[in-house]
Every structure is written in structure tokens, then in C-alpha cells.
Amino acid sequence: MAASMGDVFSFCVGVAGKARVAVEVRFVSSAKGKGLFATQLIRKGETVFVERPLVAAQFLWNALYRYRACDHCLRALEKAEENAQRLTGKPGQVLPHPELCAVRKDLHQNCPHCQVMYCSAECRLAAAEQYHQVLCPGPSQDDPLHPLNKLQEAWRSVHYPPETASIMLMARMVATVKQAKDKDRWIRLFSQFCNKTANEEEEIVHKLLGDKFKGQLELLRRLFTEALYEEALSQWFTPDGFRSLFALVGTNGQGIGTSSLSQWVHACDALELKPQDREQLDAFIDQLYKDIEAATGEFLNCEGSGLYVLQSCCNHSCVPNAETTFPENNFLLHVTALEDIKPGEEICISYLDCCQRERSRHSRHKILRENYLFVCSCPKCLAEADEPNVTSEEEEEEEEEEEEGEPEDAELGDEMTDV
């Protein structure tokens, strides 16, 4: 049951100055599946398309640690100065140019039943229309015995920071179908994401949950069923179907990062200042980030993940011609050309971060094989095919440090993009 192209493109929100999205989805091969191709010349720096997700959800530990985000679009809700105060642990931290903060607290609204917060009336209504009527716990928001709270607590007990997925993304998928008038359309849309074999699915679940994944997966399935069972999706609640749903989220969930402080810094960068004033502001910002790193480490953003139909059609390349960003400080994903892309050329992003892309072919393949279950055959990998299949001493040391300092699941999921 495949979704129509109209369904696939219905979540694109358009690009200024363009009558339509200049891409099309084509079948590439049995190994790669679908791919995204340009239908007209796309210049370097141009936005290829902007897409909103089918569903998105903030990571549960991220929310628990008071990274305040809109419950629908993940827009950061803290003022930039509040954000800086929390991240530095300095209640008296003051930011210059407070007028550059884009957060509008006067627009914030909460659900009148469970009090979850939204950045605007539009987001509150959109959530209510799509999934929140099913998921709203009402006055039981803080009741540990509520089925959804039991499910979330079980998830937090098996998936620790740095987070790469959320059980609530799956919950919103089910709730969306439960609330939908046209259930088949949503089932078709969710079925667009790549499918894996049973063995591959087990590898993904193992990566997310660790060595005891089978028992943990069954516990989560039981709690998920108690909280959300839907007859139209009965297959998702079977052991095999739940594992497939888990694998779908694990391989297709695109990381989302938002930050009011980051938005403020970008606005500061755009200021026209005298050289001396620019130097002082840059020095202030540099010191601010040093203070944040000392107090909070690498966890700067409100973080979550979403399922994007069109973006999920973009295949990986170690030399990508496009990248994903979130410049609007919410879940709207922008795909931007890194170079000129000719008509008929495939649009590729990278599943690796900048540092990983500079590693040896052997190391890149190891990361991609472990986390995405494929062997890359991009131009860079083909050009380096004659290199020995060994990892340099420096890379081995880096990998050992990562393994010691991070849980097994740390690298799973698409690269979290700066906002």
C-alpha cells in the first residue's frame, strides 16, 4: 500500500520564489531503494525544499532536564537569557542585546487539560487535531500509574542520554491514526519509510536498547499495547510488528535541535558593529560557551526527532551535495544545496557528522554498517577502495574514548543539525 506522490509532497511547505518543489522521488536500486533527484538546476546555497514532519517528539530525558520546548513543533520556549542562565548555572547571567531574542512568551499557550506548553495557538490546535486528544492525560499528567507515564518511565530506564529516539514518536504515530478520519492515508504515509529484514531489525533494536534488548522490548510492547492499542494497527502491536515499528523509528528518525540561545547568537553575528564592539561581543560569546561547556557539557539544545517523508528519500554520501538544517528554531527541516545540483542529479545528504566524514573509508563504513546497516558506495568511498581496511591509531583512540564515554546507542540516528 504505497502513498501517492501527492501524499509524499503534501508535507512540504514550499520555498519562497519557487512555484513547486524542484525534486522527484525515483527508484534507484534494490540495494538503495528510493532516491531524491533534482528536476531543475539548483544553485549552491539555495533551499531545495522545506518540510514539516509527519510526527515529531522531544526526547524524554531532554524534557525531564528542563529543556523547555513546544510540545508540537519543538520550538525553544525559554528566552535566550533564561537559556544561558540555566546552561551556565548562573542565575545572574545577563546577555547584551536582549532585543535580539526571538522568543514570544506572550504567544505561548498550554493545553487546558494537561498543561503541556505550546509556542502558539496554532501549535496547540494542530496537536489537538492530529494526536493530542488521544495522548492527553488530563489531570493525570503527574500520576506515575497512568499508562502513558508508565510507558515513558520504562523508556527512560532503558534509553539514556545522549538520546537518539523516543517511544513517544511511536505513540504519536498510533495516536495520529486513531484520531484520523482517513486512517488508510496515514498508514500509507508511515509505510513509506524503509523496511528491514528481521535480522537487521534486531540489530537496530539491540543498538537502541543494549544487550538485554529482547526482554526490554517485550516490556515496552506490553506497556505500549496497554496505553495505545488500535485495531486498525493491530499488526504494530504484535512482537514482530512492534520490532518493525521500533526499527522504522531507529533508522528513519531525523534528529531535531532547537535553541533560543543559538538564535540569539546568529542574530548577534548579523549586527553591524564597530570593530571594537564586535571584538567585545565575540569575546563575550566565546566565554559564554566556555562557561556552558564547563557546567552542562555538550547538551545545549532542546532535542527530539521526527519522521520526514521526503527527507527520508535522500540517500547518504560521504561527499554530500546537500545538508539539513533547522534555521526556524522549530521542526521545519530545510534541505540546502552545498553545490550546484544539475537536473537529473541525485540529492544526497550525509548521515555522518563533519569529523566522521574525515575518517578513513574503513572507519566510515564501520559506523554506517553498525548504525544504518549498509555499505557506502559513494564517489569518495569508491575512490578510496584500494586503501587498506584498517583504522588509524588516532581513530582507534577516538573510538575507544567514544565507547568509554557514551552508551552503545550514541551514534544511532541522523546527525543532529545546528539550528
Side-chain angles (χ1 to χ4, degrees), residues 2-56 73 185 188-194 251-257 266 270 306-354 357 368 372 374 376-383 414-419:
S4 67
M5 284 299 100
D7 279 340
V8 169
F9 285 95
S10 64
F11 287 82
C12 287
V13 297
V15 179
K18 294 186 178 180
R20 63 185 179 87
V21 179
V23 298
E24 65 181 7
V25 180
R26 297 183 197 166
F27 177 77
V28 180
S29 66
S30 56
K32 293 181 74 173
K34 295 174 292 189
L36 199 65
F37 292 80
T39 57
Q40 63 189 56
L41 177 64
I42 302 170
R43 294 291 186 187
K44 178 181 179 180
E46 285 187 350
T47 300
V48 183
F49 62 86
V50 181
E51 184 179 13
R52 70 180 186 273
L54 300 186
V55 287
C73 78
R185 173 177 178 265
R188 287 195 303 271
L189 283 165
F190 290 132
S191 72
Q192 288 297 293
F193 297 96
C194 68
T251 51
N252 293 281
Q254 163 69 46
I256 301 168
H266 288 321
L307 293 176
Y308 297 83
V309 178
L310 201 56
Q311 177 269 343
S312 73
C313 297
C314 294
N315 286 310
H316 163 82
S317 173
C318 297
V319 280
N321 56 13
E323 66 175 354
T324 59
T325 58
F326 296 90
E328 298 186 48
N329 195 35
N330 62 11
F331 63 17
L332 288 179
L333 177 145
H334 290 232
V335 172
T336 306
L338 294 172
E339 58 188 53
D340 288 354
I341 303 174
K342 299 174 184 176
E345 187 176 349
E346 185 173 7
I347 297 165
C348 294
I349 59 177
S350 180
Y351 301 169
L352 304 175
D353 64 32
C354 296
R357 289 201 294 272
L368 292 168
Y372 300 97
F374 72 88
C376 183
S377 57
C378 73
K380 182 175 183 178
C381 287
L382 291 177
D414 289 348
E415 176 186 349
M416 183 69 73
T417 312
D418 289 337
V419 293

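Note that this is a predicted model, so its numbers are computed, not measured.
Scanning for side-chain contact (heavy atoms from CB on, under 4.5 Å) contacts around Glu345 gives Asn321, Glu339, Ile341, Lys342, with sequence neighbours left out. The side-chain contact (heavy atoms from CB on, under 4.5 Å) test applied to Ala322 returns Val335, Ile347, Ile349, not counting sequence neighbours. Residues passing the side-chain contact (heavy atoms from CB on, under 4.5 Å) test with Cys381, sequence neighbours excluded: Cys318, Arg361, Arg364, His365, Cys376, Cys378. Applying the side-chain contact (heavy atoms from CB on, under 4.5 Å) criterion to Leu382, with sequence neighbours excluded, gives Ser377. Take Phe331 and apply the ring pair (Phe, Tyr, Trp, His ring centres under 6.0 Å) test, not counting sequence neighbours, and it matches His72.
Minimum interatomic distance between Cys314 and Leu36 (heavy atoms only, all atoms of both residues): SG-CD2, 3.6 Å. Between Ala337 and Val48 the shortest heavy-atom distance is N-CG2, 3.9 Å.
The shortest distance between side-chain heavy atoms of Phe374 and Asn315 does not fall below 4.5 Å. A heavy-atom distance below 4.5 Å is not found between the side chains of Ile256 and Leu333. Taking 4.5 Å as the limit, every side-chain heavy atom of Pro53 sits out of range of all side-chain heavy atoms of Gln254. Within the 4.5 Å cutoff, no side-chain heavy atoms of Thr39 are placed close to those of Val23. Taking the side chain as every heavy atom from C-beta outward, Thr251 and Phe193 never approach each other to under 4.5 Å. Residues Cys348 and His316 are not in side-chain contact: their nearest non-hydrogen atoms beyond the backbone lie 4.5 Å or more apart.
Within the structure, ring pair (Phe, Tyr, Trp, His ring centres under 6.0 Å) pairs that include any residue of residues 22-48 do not occur (at least two apart or interchain).
Remark: Cys73 SG to Arg52 CZ distance equals 12.5 Å, nearest 0.5 Å. The CD atom of Gln192 sits 11.0 Å away from atom CG of Asn252, with the distance rounded to the nearest 0.5 Å. The distance from atom CZ of Phe49 to atom OH of Tyr308, rounded to the nearest 0.5 Å, is 10.5 Å. Here the straight-line distance linking atom CG of Leu41 with atom CG of Asp340 works out to 6.0 Å at 0.5 Å rounding.
Under the 3.5 Å distance criterion, the side-chain polar atoms of Glu346 are left unmatched by any main-chain donor or acceptor of Gly35.
Within a 6.0 Å radius of NZ in Lys380, other residues, nucleotides and ligands contribute more than 12 heavy atoms.
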